[in-house]
K.L.:
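Dropping a structure here in structure tokens format, bear with me for questions.
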Amino acid sequence: MENCIFCKIIKGDIPCVKIWEDEKYLAFLDLRQINPGHTLVIPKKHTDYLFDLEDSEYCELLLKGKEIAKKLKIKLNPKRVGLAVEGFGVPHVHLHLVPINNGNELSPERATNPPIEELEKIAKIINA
């Protein structure tokens, strides 16, 4: 989709702080961090709504999210990694994986815009 910001990120037209990538999926740090390490996992195939994915795509996306969540848990040591899916900000399926230590930390109202250098430091920790 030509106006989709995530499709532009996938194409390389817009930079991102990449955590992981394969031929079908991409994981990168959200520019608006709820907590350090807040990661988005997206399919490279544009689909607007999570429940419009084929069953196999849906399951595969959640399994990729699980892999990335394990990595975040090991590298950043939160009590848990929270998962949120709402899809209103960008009309392209995406999982929010947020390292959390308390039950009330998943609110997007808590998000900040850290400098890119801080995001790159977090990415180095995650990918070390």
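Side-chain atoms are counted along with the backbone in the values below, which use heavy atoms only and exclude waters and symmetry mates. Counting from 1, the numbers follow the sequence of the chain as shown.
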K.L.:
Calculate, to the nearest 0.5 Å, the distance between atoms NZ and CD1 belonging to Lys75 and Ile125 respectively.
P.N.:
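Reported to 0.5 Å precision, the distance equals 10.0 Å.
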K.L.:
Ignoring hydrogens and geometry, is there a side-chain-to-backbone donor-acceptor pair from Glu57 to Glu54 under 3.5 Å?
P.N.:
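Yes, Glu57 side chain to Glu54 backbone: donor-acceptor pair under 3.5 Å.
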K.L.:
Check whether Leu72 and Leu61 end up in the same hydrophobic cluster, where Ile, Leu, Val, Met, Phe, Trp and Tyr are linked by side-chain heavy atoms less than 4.5 Å apart.
P.N.:
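Per the 4.5 Å side-chain linkage, Leu72 and Leu61 are co-clustered.
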K.L.:
Roughly how far apart are Cys4 SG and Lys11 NZ, rounded to 0.5 Å?
P.N.:
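One gets 9.0 Å once the value is rounded to the nearest 0.5 Å.
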K.L.:
Linking I/L/V/M/F/W/Y whenever any side-chain heavy atoms sit under 4.5 Å apart, do Val41 and Tyr58 land together?
P.N.:
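Linked, Val41 and Tyr58 end up in one cluster.
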K.L.:
Count I, L, V, M, F, W, Y as connected when their side-chain heavy atoms are under 4.5 Å apart, and connections chain through other members. Are Leu76 and Ile34 then in the same cluster?
P.N.:
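Different clusters: Leu76 never reaches Ile34 through Ile, Leu, Val, Met, Phe, Trp or Tyr contacts under 4.5 Å.
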K.L.:
So Val17 and Leu31, do their side chains get closer than 4.5 Å, heavy atoms only?
P.N.:
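Not touching, per the 4.5 Å side-chain cut-off.
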K.L.:
Could you please spell out the steps behind the side chain to side chain contact (heavy atoms under 4.5 Å, CB included) verdict for Leu83 and Leu97?
P.N.:
CA-CA 5 Å; Leu83 169 67; Leu97 299 176; 3.8 Å; yes
K.L.:
Between Cys7 and His46, what is the shortest heavy-atom contact and its length?
P.N.:
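Smallest heavy-atom distance, with atoms named: SG-ND1, 3.3 Å.
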K.L.:
Donor-acceptor pair, distance only, cut-off 3.5 Å: does the side chain of Thr47 make one with the backbone of Tyr49?
P.N.:
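Flag not set: sc Thr47 to bb Tyr49 has no pair under 3.5 Å.
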K.L.:
Could you tell me which non-hydrogen atom of Leu29 sits nearest to which non-hydrogen atom of Ile126, and how far apart they are?
P.N.:
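Heavy atoms of Leu29 and Ile126 come nearest at CD2-CD1, 4.2 Å.
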K.L.:
With side chains defined as the heavy atoms from C-beta onward, is the minimum distance between Lys18 and Leu26 less than 4.5 Å?
P.N.:
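In short, these two side chains touch, coming nearer than 4.5 Å.
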K.L.:
When you group the ILVMFWY residues by side-chain heavy-atom contacts below 4.5 Å and let the links chain together, are Val93 and Ile68 in the same group?
P.N.:
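Ile68 clusters together with Val93.
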K.L.:
With side chain to side chain contact (heavy atoms under 4.5 Å, CB included) as the test, would you mind laying out the steps for Trp20 and Tyr25 before giving the verdict?
P.N.:
CA-CA 8 Å; Trp20 172 88; Tyr25 300 93; 3.6 Å; yes
K.L.:
Under the side chain to side chain contact (heavy atoms under 4.5 Å, CB included) rule, what do Phe6 and Val90 come out as? Steps first, then yes or no, please.
P.N.:
CA-CA 8 Å; Phe6 287 173; Val90 177; 3.7 Å; yes
K.L.:
Check whether any side-chain N or O of Asn102 sits under 3.5 Å from a backbone N or O of Asn104 as a donor-acceptor pair, and report yes or no.
P.N.:
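No; zero donor-acceptor contacts below 3.5 Å.
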K.L.:
Could you check Leu40, Val85, Leu106 and say which one makes a side chain to side chain contact (heavy atoms under 4.5 Å, CB included) with His96?
P.N.:
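Answer to the side chain to side chain contact (heavy atoms under 4.5 Å, CB included) test with His96 among Leu40, Val85, Leu106: Leu40.
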K.L.:
Determine whether a donor-acceptor pair (N or O, by modelled atom type, separation under 3.5 Å) exists between the side chain of Lys73 and the backbone of Pro78.
P.N.:
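Yes; at least one donor-acceptor contact below 3.5 Å.
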K.L.:
In terms of hydrophobic clustering (I, L, V, M, F, W, Y; side-chain heavy atoms under 4.5 Å; direct or indirect links), are Ile19 and Ile10 co-clustered?
P.N.:
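Ile19 does not cluster with Ile10.
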K.L.:
Okay, side chain of Arg80, backbone of Pro99: is any donor-acceptor separation there less than 3.5 Å?
P.N.:
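No; judged by distance alone, with no hydrogens or angles, the pair does not exist.
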K.L.:
Measuring from atom SG of Cys16 to atom CD1 of Ile42, what distance do you get when rounded to the nearest 0.5 angstrom?
P.N.:
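CD1 of Ile42 is found 8.0 Å from SG of Cys16.
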K.L.:
Nearest 0.5 Å please: distance from the OG1 atom of Thr112 over to the NE2 atom of His38.
P.N.:
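Reported to 0.5 Å precision, the distance equals 10.5 Å.
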K.L.:
Are more than 12 heavy atoms from other residues, nucleotides or ligands located less than 6.0 Å from atom CG of Asp13?
P.N.:
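Result for CG/Asp13: enclosed.
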K.L.:
Is a salt bridge present between Glu23 and Lys44, judged by a nitrogen-to-oxygen distance below 4.0 Å?
P.N.:
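No, no charged N to carboxylate O under 4.0 Å.
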K.L.:
Under a 3.5 Å cutoff, is there a donor and acceptor pairing between the side chains of Asp30 and Gln33?
P.N.:
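No, because no side-chain N or O of Asp30 sits under 3.5 Å from a partner of the opposite role on Gln33.
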K.L.:
If you measure from CD on Glu60 to CG on Leu63, what distance do you get to the nearest 0.5 Å?
P.N.:
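It comes to 8.0 Å.
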K.L.:
May I ask you to check whether His94 and His92 place their ring centers less than 6.0 Å from one another?
P.N.:
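Ring centroids of His94 and His92 are no less than 6.0 Å from each other.
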K.L.:
Any heavy-atom pair between the side chains of Val81 and Lys70 that's under 4.5 Å?
P.N.:
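The answer is no, as the side chains (C-beta and beyond) never meet within the 4.5 Å cut-off.
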K.L.:
Check Arg110 against Asn35 and note the closest heavy-atom contact, atom names and distance.
P.N.:
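Taking Arg110 first and Asn35 second, the nearest heavy atoms are NH1-OD1, 3.2 Å.
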K.L.:
Could you state the interatomic distance from NZ (Lys71) to OG1 (Thr39), rounded to the nearest 0.5 Å?
P.N.:
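Taking NZ in Lys71 and OG1 in Thr39, the distance rounds to 9.5 Å.
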